[in-house]
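Excluded from the calculations below are hydrogen atoms, water molecules and symmetry mates; all remaining heavy atoms, backbone and side chain alike, are included. Numbers for residues simply follow the sequence, beginning at 1.
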Amino acid sequence: MDSGERGTPPLNSDEQTTLAAWLDFQRHTLLLKCAGLDEAMLRSASAPPSSLTLQGLVQHLTEVERHWFQRVLGRRPAPPIYGPEPDPGGHDGGFELSAHVSFADAVDRWRGEVAEAHAICAGCSLEDVRAFMGAEVSLRWIYVHMIGEYARHNGHADILRERLDGATGV
């Protein structure tokens, strides 16, 4: 997935294909929000008093991908990439920046998590459930949750981007 042309999700497809395509659409939107900015801008907290940055959003969504697809759906032990152990409710961090992690590094890690998510989902149906916090969560729920997670953070990215260089839309 690159920051080039973003395709429209299918207008008439089965549910799993539709949900997966909408999640990929939102993933791609995140990259488009970051496209064309230099390293300093990507690491800049442009909407004071918030310390939120575009790179922090990419890192956070990397952790969220890792949590839902590797830990929960894939039942894999996957330590956090950017910070302390996640809490049991899946409230992953990743927002904090390190001088040792460039934006390119963050995007590479994010792409790796997205690729793992695709691989894990390829072997699952929407009705597949996994244990989560004393209950069961389905792949359908995870897809809907992830679409909402990305949409919310893409809204944050809209504000950050507009404050950085005036760009709107996407």
Any luck finding a side-chain donor-acceptor pair between [X] and [Y] under 3.5 Å?
X     : Y      : answer
Gln59 : Glu63  : no
His60 : Glu149 : yes
Glu15 : Tyr143 : no

Does a side-chain N-to-carboxylate-O contact under 4.0 Å join [X] and [Y]?
X      : Y      : value
Arg140 : Glu127 : yes
Arg109 : Asp105 : no
Glu116 : Arg76  : yes

Do [X] and [Y] have side chains that approach each other closer than 4.5 Å (heavy atoms only, starting at C-beta)?
X      : Y      : value
Arg66  : Pro80  : no
Leu61  : Leu30  : yes
Arg27  : Leu31  : no
Val129 : Trp141 : no

Problem - Exercise: identify the closest heavy-atom pair between Ala106 and Val58 - result: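 The answer is O-CG1, 3.9 Å.
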Practice task
Quick one: do Phe103 and Trp110 satisfy ring pair (Phe, Tyr, Trp, His ring centres under 6.0 Å)? Show the steps, please.
Solution key: CA-CA 10 Å; Phe103 182 74; Trp110 174 82; 9.6 Å; no
